[in-house]
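Here is the structure we will look at.
Quick note: numbers below take in every heavy atom, side chains included, and nothing from hydrogens, waters or symmetry partners.
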Amino acid sequence: MYCNREVLGDVVRATRKSRHLSQEALAERIGVCKRTIIDIESNTGNPKFEILYPLVRELDLPLFQLFYPEVEENLKLKNVLMQELSCCSDYEMKVILSVVKSLRYTLRNEN
């Protein structure tokens, strides 16, 4: 699994613009130079984890879309689901996983 640079660049640019941030302002927020943001958005930069992590957190980037760009269906729903899960405790995650597996099995067997 890897993060597709072109997808990353496009998502960073679109998200940054939707939040009315300049490249310089985003760079300041995550502690990098403006050139780093330019490189990422132009698909020439391949950021290390030390840059990618604060970038993803600052812009609240859709991780599913970044790491699975080939899966186009229901991206918004999957991103919302991932955000909800990120707020769960370990216990809540175990319960939710059990419920999801059971529900999925039941729904598939109804058809």
Side-chain angles (χ1 to χ4, degrees):
M1 176 181 0
Y2 67 97
C3 182
N4 185 306
R5 280 192 310 188
E6 290 179 14
V7 172
L8 177 64
D10 292 346
V11 171
V12 167
R13 183 181 318 100
T15 305
R16 176 184 59 77
K17 286 183 176 183
S18 75
R19 295 180 181 207
H20 308 289
L21 287 171
S22 67
Q23 290 172 327
E24 187 171 359
L26 177 57
E28 286 177 19
R29 286 186 180 199
I30 65 168
V32 298
C33 66
K34 179 182 174 183
R35 181 80 238 166
T36 300
I37 303 301
I38 292 169
D39 288 346
I40 291 169
E41 290 185 0
S42 64
N43 307 320
T44 58
N46 190 11
K48 293 181 180 182
F49 180 79
E50 293 81 15
I51 295 170
L52 186 59
Y53 180 77
L55 181 64
V56 165
R57 302 242 340 159
E58 179 64 36
L59 294 178
D60 195 23
L61 296 179
L63 293 179
F64 194 85
Q65 183 180 2
L66 293 177
F67 289 97
Y68 298 98
E70 71 279 2
V71 179
E72 295 180 14
E73 74 232 15
N74 300 320
L75 279 180
K76 288 183 181 180
L77 289 175
K78 288 177 182 175
N79 287 328
V80 169
L81 182 57
M82 293 301 291
Q83 287 176 337
E84 288 296 323
L85 291 173
S86 71
C87 299
C88 293
S89 69
D90 285 344
Y91 173 74
E92 291 168 333
M93 293 276 282
K94 288 177 184 177
V95 171
I96 290 169
L97 180 59
S98 176
V99 170
V100 167
K101 284 181 177 180
S102 177
L103 183 58
R104 186 182 59 183
Y105 176 80
T106 301
L107 290 172
R108 287 185 178 172
N109 287 328
E110 283 182 358
N111 296 330

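Here the CG atom belonging to Asp10 is positioned 5.5 Å from the CG atom belonging to Asn43, to the nearest 0.5 angstrom. Gln23 contributes atom CD, which lies 12.5 Å from atom CD of Glu28 (distance to the nearest 0.5 angstrom). Atoms NZ and OG, from Lys34 and Ser22 in turn, are 7.0 Å apart once rounded to the nearest 0.5 Å. Atom CD of Glu41 and atom OG1 of Thr15 lie 9.5 Å apart (nearest 0.5 Å).
A donor-acceptor contact shorter than 3.5 Å is absent between the side chain of Ser102 and the backbone of Ser98.
Between Pro47 and Val32 there is no side-chain heavy-atom pair separated by less than 4.5 Å. With a 4.5 Å cut-off on side-chain heavy atoms, Ile40 and Arg16 do not count as touching. Between Cys33 and Thr36 there is a side-chain heavy-atom pair separated by less than 4.5 Å. No side-chain heavy atom of Thr44 sits under 4.5 Å from any side-chain heavy atom of Ile38.
Within 6.0 Å of CZ in Arg19 there are more than 12 heavy atoms belonging to other residues, nucleotides or ligands.
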*Let me see the working for Arg35 and Asp39 under salt bridge (charged side-chain N to carboxylate O under 4.0 Å, His left out), right down to the final yes or no.*
CA-CA 6 Å; Arg35 181 80 238 166; Asp39 288 346; 3.0 Å; yes
*Carefully, step by step, assess Glu84 and Ile96 under the rule side chain to side chain contact (heavy atoms under 4.5 Å, CB included).*
CA-CA 11 Å; Glu84 288 296 323; Ile96 290 169; over 6 Å; no
*Quick one: do Leu26 and Leu55 satisfy side chain to side chain contact (heavy atoms under 4.5 Å, CB included)? Show the steps, please.*
CA-CA 8 Å; Leu26 177 57; Leu55 181 64; 3.9 Å; yes
*Check the pair Leu59, Ile30 against side chain to side chain contact (heavy atoms under 4.5 Å, CB included), reporting the backbone distance first and the verdict last.*
CA-CA 10 Å; Leu59 294 178; Ile30 65 168; over 6 Å; no
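The shortest heavy-atom contact between Glu92 and Cys88 is OE1-CA, 3.2 Å.
Under the 4.5 Å side-chain heavy-atom criterion for Ile, Leu, Val, Met, Phe, Trp and Tyr, Val100 and Leu81 are members of the same hydrophobic cluster.
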